[in-house]
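The structure under discussion appears below in the form of C-alpha cells.
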Amino acid sequence: MDDIDRAIINTLQGGFPICDRPFDAVAETLGLTGTQLRTRIGKLKADGIISRFGPMWHAERMGGELTLSAMKVPPERFDEVAGIVNAFPEVAHNYAREHALNMWFVVATEKPGRKAEVLAEIETMTGITVHDMPKIQEFYVGLRFEA
C-alpha cells in the first residue's frame, strides 16, 4: 500500500460527498481522477486491504432491523461457517474474537421480521446457535482507523 492508498482510506472514512459525481469530487482532493480513485478502491478490495466500500445505512430508521450476533464456532469449522454467514447480504462486520463466542457479526435488514429469518437460516445451515444481542441504547463512537 502506498501513500496514495493510505490517503484514500483515511479520506473515505470521514464521509463521502452527495453530489452528481462524488468519486470525482473526492479524487480531486487527492490529486487523482475519479477513474483512478475507483480503480484504486477496487484494487484495495481485491487485495484484501479493505473488505468493504459502501455506505452505512441506519437500518432501523429506514424501517428495518439491526442486531449484533455471536456464535460459538468450532475452530476447525470457522472458515466454513464464516463463508455461510458472509453469504447473507444482510451480514456485515463479521470478525473473529478470542472468546467462547468466537464469531461476531452484524445483521441489518430492510424489513421487520427479516432479522429473525436470517438468524434462523444461519442456525439451520450451520447447526450452530446464533446469539441475538439487539441494541438497547445507541452510542456514537466515531471509530476511524489510520492507514
Side-chain angles (χ1 to χ4, degrees), residues 1-19 22-23 25-27 30 32 34-147:
M1 182 167 50
D2 62 18
D3 289 342
I4 295 172
D5 288 340
R6 283 187 182 83
I8 290 169
I9 291 171
N10 293 333
T11 298
L12 293 178
Q13 291 180 67
F16 199 70
I18 298 175
C19 61
F23 285 97
V26 172
L30 297 166
L32 302 169
T35 300
Q36 290 171 320
L37 176 60
R38 286 189 298 276
T39 299
R40 282 181 172 263
I41 291 170
K43 185 168 183 343
L44 288 168
K45 190 173 177 186
D47 291 348
I49 304 294
I50 61 174
S51 60
R52 179 181 181 278
F53 175 77
M56 297 292 292
W57 305 106
H58 197 299
E60 294 164 319
R61 288 186 187 168
M62 298 177 71
E65 294 175 305
L66 182 74
T67 194
L68 177 64
S69 305
M71 300 171 74
K72 183 178 180 180
V73 181
E76 67 276 8
R77 291 193 60 206
F78 197 89
D79 290 343
E80 170 213 343
V81 172
I84 292 169
V85 170
N86 293 344
F88 285 83
E90 296 90 349
V91 170
H93 302 99
N94 188 355
Y95 55 96
R97 292 189 70 181
E98 293 183 20
H99 185 271
L101 297 172
N102 57 350
M103 181 180 290
W104 292 66
F105 52 94
V106 172
V107 173
T109 65
E110 293 180 19
K111 298 176 183 171
R114 179 65 184 140
K115 177 190 80 172
E117 292 174 356
V118 169
L119 299 182
E121 291 171 21
I122 290 171
E123 283 188 347
T124 298
M125 294 174 74
T126 63
I128 300 172
T129 300
V130 177
H131 299 274
D132 181 10
M133 296 176 271
K135 176 176 60 182
I136 296 172
Q137 183 176 355
E138 184 169 322
F139 299 92
Y140 178 74
V141 177
L143 179 65
R144 292 179 54 107
F145 297 97
E146 191 72 26

Smallest separation among heavy atoms of Ser69 and Met133, with atom names | C-CE, 4.0 Å

Taking Asp5 for its side chain and Met1 for its backbone only, find out whether a donor-acceptor pair lies under 3.5 Å.
-> no

Compare all side-chain heavy atoms of Ile4 with those of Leu30 and state whether any distance is below 4.5 angstrom.
-> no

Can a salt bridge be assigned to the pair Lys115 and Asp132 using a cut-off of 4.0 Å between side-chain N and carboxylate O?
-> yes

His131 atom NE2, neighbour heavy-atom count above 12 within 6.0 Å = yes

So how far is it from Thr126 OG1 to Met103 CE, rounded to the nearest 0.5 Å?
-> 9.0 Å

Picking from Ile128, Val85, Thr129, what satisfies side-chain contact (heavy atoms from CB on, under 4.5 Å) with Ile122?
-> Val85

Is it true that atom CD of Glu123 has more than 12 heavy atoms of other residues, nucleotides or ligands lying nearer than 6.0 Å?
-> yes

SB check Arg114 Glu65 (cutoff 4.0 Å) = no

Between Ile84 and Glu80, is a side chain to side chain contact (heavy atoms under 4.5 Å, CB included) present by the stated rule, with each step listed?
-> CA-CA 7 Å; Ile84 292 169; Glu80 170 213 343; 4.0 Å; yes

Rounded to the nearest 0.5 Å, what separation is found between the CG atom of Leu12 and the CZ atom of Arg144?
-> 9.5 Å

Measure the spacing between CZ of Phe145 and CD1 of Ile9 and express it to the nearest 0.5 Å.
-> 11.5 Å

Rounded distance (nearest 0.5 Å) linking atom CD1 of Ile8 with atom CZ of Arg40 | 5.5 Å

Please answer whether the main-chain N or O of Asn102 pairs with a side-chain N or O of His99 as donor and acceptor at a distance below 3.5 Å.
-> no

From the options Phe105, Trp104, Phe88, select the one residue that forms a side-chain contact (heavy atoms from CB on, under 4.5 Å) with Asn94.
-> Phe105

Kindly compute the distance separating CD (Glu138) from CD (Glu60), expressed to the nearest 0.5 Å.
-> 7.0 Å

Measure the shortest side-chain to side-chain distance between Leu66 and Val106 over non-hydrogen atoms and say whether it is less than 4.5 angstrom.
-> yes

What closest approach, in Å, do Thr109 and Lys111 show between heavy atoms, and which atom pair accounts for it?
-> OG1-O, 3.2 Å

Any side-chain heavy atom of Arg97 within less than 4.5 Å of one from Tyr95?
-> yes

In Å and rounded to the nearest 0.5 Å, what is the CZ to OG1 distance from Arg6 to Thr11?
-> 13.5 Å

Shortest non-hydrogen contact from Ala108 toward Ala59 = CB-CB, 4.0 Å

Is there side-chain contact between Thr67 and Lys135, with at least one heavy-atom pair below 4.5 Å?
-> no

Go through Leu101 and Met71 one step at a time and tell me if the side chain to side chain contact (heavy atoms under 4.5 Å, CB included) criterion holds.
-> CA-CA 5 Å; Leu101 297 172; Met71 300 171 74; 5.9 Å; no

Between Pro22 and Pro17, what is the shortest heavy-atom contact and its length?
-> CB-O, 3.3 Å

